[in-house]
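A short worksheet on the structure shown next.
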Amino acid sequence: MNPVYEKVIKCYECVRKMTDFEPKIGITLGSGLGGFADKIKCVKEVSYKDIEGFPVSTVPGHAGKFVFGYLDEVPVVVMSGRVHYYEGYDITDVVLPIRLMKLFGAEVFFVTNAAGGVNRDFNVGDLMMITNHISSFVPNPLIGENIEEFGTRFPDMTDVYTAKYQEIIKKCANDLGINIKQGTYCQTTGPSFETPAEVDMFRILGADAVGMSTVTEAITARHMGMKIAGISLITNKAAGLNEKPLTHEEVKAAGDEAAPKFEKIVKAVIKEIYQTL
Ligand code: HPA
């Protein structure tokens with residue numbers, strides 16, 4: 001059997017011994033946004049370290065657990081803390097949790113992240129609805145023998161971020177009086193932040209925000225036929241647009257500050273998306 005497939009199935013079976021909860025929507029929380037997991041009426045928490053073979057994050061501030069439960073009436077699984085490629089994991093391990101969420105039953109992947117603003121009009125604390133992405137600077141998570149059980153060899157990436165969900169995000173932001181930007185997210189491997197020259201390059205390529213996650217996850221989710229909604233929190237202006245050097249602490253502090261606004265919109269969007277399923 002394909003070793004990547006085998007590992008996913010082993011992790012799946014391990015979690016299934018702990019809970020048979022079937023979420024409709026899988027949510028991944030970015031840096032500093034972990035508090036959202038507390039908004040869930042929890043049915044079962046599963047620590048990553050209790051899942052045999054599961055990659056466990058080493059980044060401070062990334063609590064590592066799945067929370068299964070209800071956001072109001074919506075059955076969800078929240079991934080509180082993700083693993084990043086820069087931690088040294090194989091890219092297939094980085095995206096393993098996304099595959100698990102689909103196997104648990106999630107039809108929708110709601111991805112969030114902290115990102116640097118590449119677009120000069122973006123400010124710290126802004127939310128950006130992800131409309132598109134650039135994957136060219138990270139390894140493709142589907143490299144290797146295709147896992148036919150999960151999806152096709154050459155998945156189409158024309159509409160990664162579901163148009164209907166973008167409409168829902170805009171409507172919810174409007175209803176809540178939240179100003180939301182939109183744009184293209186570009187993933188780098190990290191862990192070093194970008195140079196100003198790289199940020200200029202990303203802008204020329206059409207990127208509005210840059211971060212170290214999300215794109216590989218979105219490719220994996222599309223491969224498995226999930227629909228995707230994505231929101232970035234702009235925690236800092238990207239390198240070269242700032243007077244001072246970037247720090248991880250600054251990213252986390254901005255996440256904490258924007259958490260209430262972010263939680264409000266994520267909750268509203270999830271409720272609306274659920275109505276469409
Ligand atoms: N660059 C890359 N990743 C990030 C940034 C950034 O400026 N801010 C938050 N995550």
Side-chain angles (χ1 to χ4, degrees), residues 27-36 57-64 79-89 91 94-95 97 110-139 141 161 180-219 230-259 261-263 265-266:
I27 307 158
T28 297
L29 301 174
S31 289
L33 301 170
F36 185 74
S57 177
T58 57
V59 184
H62 285 247
M79 196 184 166
S80 180
R82 51 155 64 96
V83 287
H84 297 83
Y85 186 57
Y86 61 72
E87 292 176 72
Y89 295 102
I91 195 70
V94 173
V95 300
F110 198 134
V111 62
T112 73
N113 58 56
V118 171
N119 186 319
R120 292 184 190 279
D121 294 335
F122 288 2
N123 290 306
V124 173
D126 279 353
L127 297 178
M128 181 192 87
M129 176 176 81
I130 306 174
T131 56
N132 215 324
H133 73 217
I134 295 172
S135 71
S136 315
F137 302 99
V138 286
Y161 303 90
I180 192 159
K181 306 281 193 341
Q182 64 178 58
T184 296
Y185 176 98
C186 177
Q187 182 176 350
T188 63
T189 64
S192 50
F193 288 114
E194 304 69 38
T195 64
E198 287 162 347
V199 171
D200 287 343
M201 172 180 72
F202 294 147
R203 190 180 312 105
I204 289 165
L205 293 179
D208 297 288
V210 61
M212 304 175 194
S213 68
T214 298
V215 174
T216 46
E217 298 164 4
I219 290 171
I231 302 181
S232 295
L233 168 63
I234 305 300
T235 51
N236 56 279
K237 288 175 176 258
L241 305 177
N242 255 316
E243 295 87 55
K244 46 185 180 38
L246 293 175
T247 63
H248 182 58
E249 285 61 41
E250 174 186 353
V251 169
K252 277 200 309 197
D256 291 344
E257 167 112 23
K261 171 170 82 168
F262 177 78
E263 285 167 10
I265 188 159
V266 172

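Both counts, for ligands and for their atoms, begin at 1 and track the order of listing.
Near Asn236, the atoms of ligand 1 lying under 4.0 angstrom from a non-hydrogen atom of the residue are 5 (C), 6 (C), 7 (O), 8 (N), 9 (C). Residue Thr235 has at least one heavy-atom neighbour below 4.0 Å for each of these atoms of ligand 1: 8 (N), 9 (C). Within the listing of ligand 1, atoms 7 (O) sit less than 4.0 angstrom from a heavy atom of Leu246. Of all the atoms in ligand 1, the ones that sit under 4.0 Å from a non-hydrogen atom of Met212 are 2 (C), 3 (N). Heavy-atom proximity to Val210, at under 4.0 Å, picks out these atoms of ligand 1: 1 (N), 2 (C), 3 (N), 4 (C), 5 (C), 6 (C).
Inter-residue side-chain proximity for Phe137 and Leu205 is flagged as met; some heavy-atom pair is nearer than 4.5 Å.
Side-chain polar atoms of Asn113 and Ser213 form no donor-acceptor pair below 3.5 angstrom.
The shortest non-hydrogen separation linking Ser135 to Ile219 is CB-CD1, 3.9 Å. Val118 and Ala207 make their closest contact through CG1-O, 3.5 Å (heavy atoms, listed as atom of the first residue, atom of the second, distance). Residues Arg82 and Leu29 approach most closely at NH1-O, 4.2 Å, considering heavy atoms.
In terms of N/O distances under 3.5 Å, ligand 1 is approached by Glu194.
Between the side chain of Thr188 and the backbone N or O of Met212 there is no donor-acceptor pair closer than 3.5 Å. Formation of a donor-acceptor pair under 3.5 Å by the Glu257 side chain with backbone atoms of Gly125 is not found in this model.
Neither the backbone nor the side chain of Ala239 has any atom closer than 4.0 Å to an atom of ligand 1 (non-hydrogen atoms only). Neither the backbone nor the side chain of Asn113 comes within contact range of ligand 1; no heavy atom lies under 4.0 Å.
Summary of contacts: the protein heavy atom closest to atom 5 (C) of ligand 1 is Gly116 N, 3.4 Å. Residue, atom and distance of the protein heavy atom nearest to atom 3 (N) of ligand 1 are Gly211 CA, 3.4 Å. Shortest contact from atom 10 (N) of ligand 1 to any protein heavy atom: Ala114 O, 3.4 Å.
Within a 6.0 Å radius of CD in Glu250, more than 12 heavy atoms belonging to other residues, nucleotides or ligands are found.
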